[in-house]
Amino acid sequence: MKYVYIALIIVVTAIVVLFKVQNFDTATVSLFNMSLTLPMWLLAIGIYVLGMFTGGALVGLLKGWYAGATRRD
């Protein structure tokens, strides 16, 4: 099983490196009067990380609401 995990780590790392190499173009993101120009690979990774944090916070919030709604007084 150890070799399966090592193979998965190598495959995922290769995909991330390939994604980075193929996406060196820049993209500009604008909001109101602000704009930010970043390489696409950095923008995609940043959006992914932001999604992990906000998704985790949403799951925690929903669990708290559910626990409060099902609690018996």
Side-chain angles (χ1 to χ4, degrees):
M1 197 61 169
K2 178 174 75 170
Y3 296 113
V4 173
Y5 289 130
I6 292 172
L8 286 173
I9 290 170
I10 290 171
V11 168
V12 168
T13 303
I15 290 171
V16 169
V17 169
L18 184 63
F19 178 79
K20 181 181 176 186
V21 169
Q22 290 184 349
N23 290 289
F24 268 110
D25 294 336
T26 58
T28 302
V29 178
S30 300
L31 179 65
F32 302 120
N33 288 333
M34 300 176 291
S35 65
L36 182 64
T37 302
L38 295 169
M40 279 201 225
W41 66 268
L42 187 61
L43 189 62
I45 290 173
I47 290 170
Y48 178 76
V49 170
L50 183 63
M52 285 192 313
F53 286 127
T54 57
L58 179 64
V59 168
L61 180 67
L62 291 175
K63 281 183 180 180
W65 285 353
Y66 180 76
T70 58
R71 184 178 52 215
R72 295 181 188 220
D73 294 331

Grouping I, L, V, M, F, W and Y whenever their side-chain heavy atoms are under 4.5 Å apart, do Ile47 and Val16 come out in a common cluster? no

Pairwise side chain to side chain donor-acceptor pair (under 3.5 Å) hits with a residue in residues 26-51, at least two apart: Thr28-Thr37

Go through the structure and list residues passing side chain to side chain contact (heavy atoms under 4.5 Å, CB included) with Leu42, not counting sequence neighbours. Leu38, Pro39

Verify same cluster id: Phe19, Leu43 (apolar side-chain graph, 4.5 Å): yes

Joint hydrophobic cluster, Tyr3 plus Ile9, side-chain heavy atoms closer than 4.5 Å: no

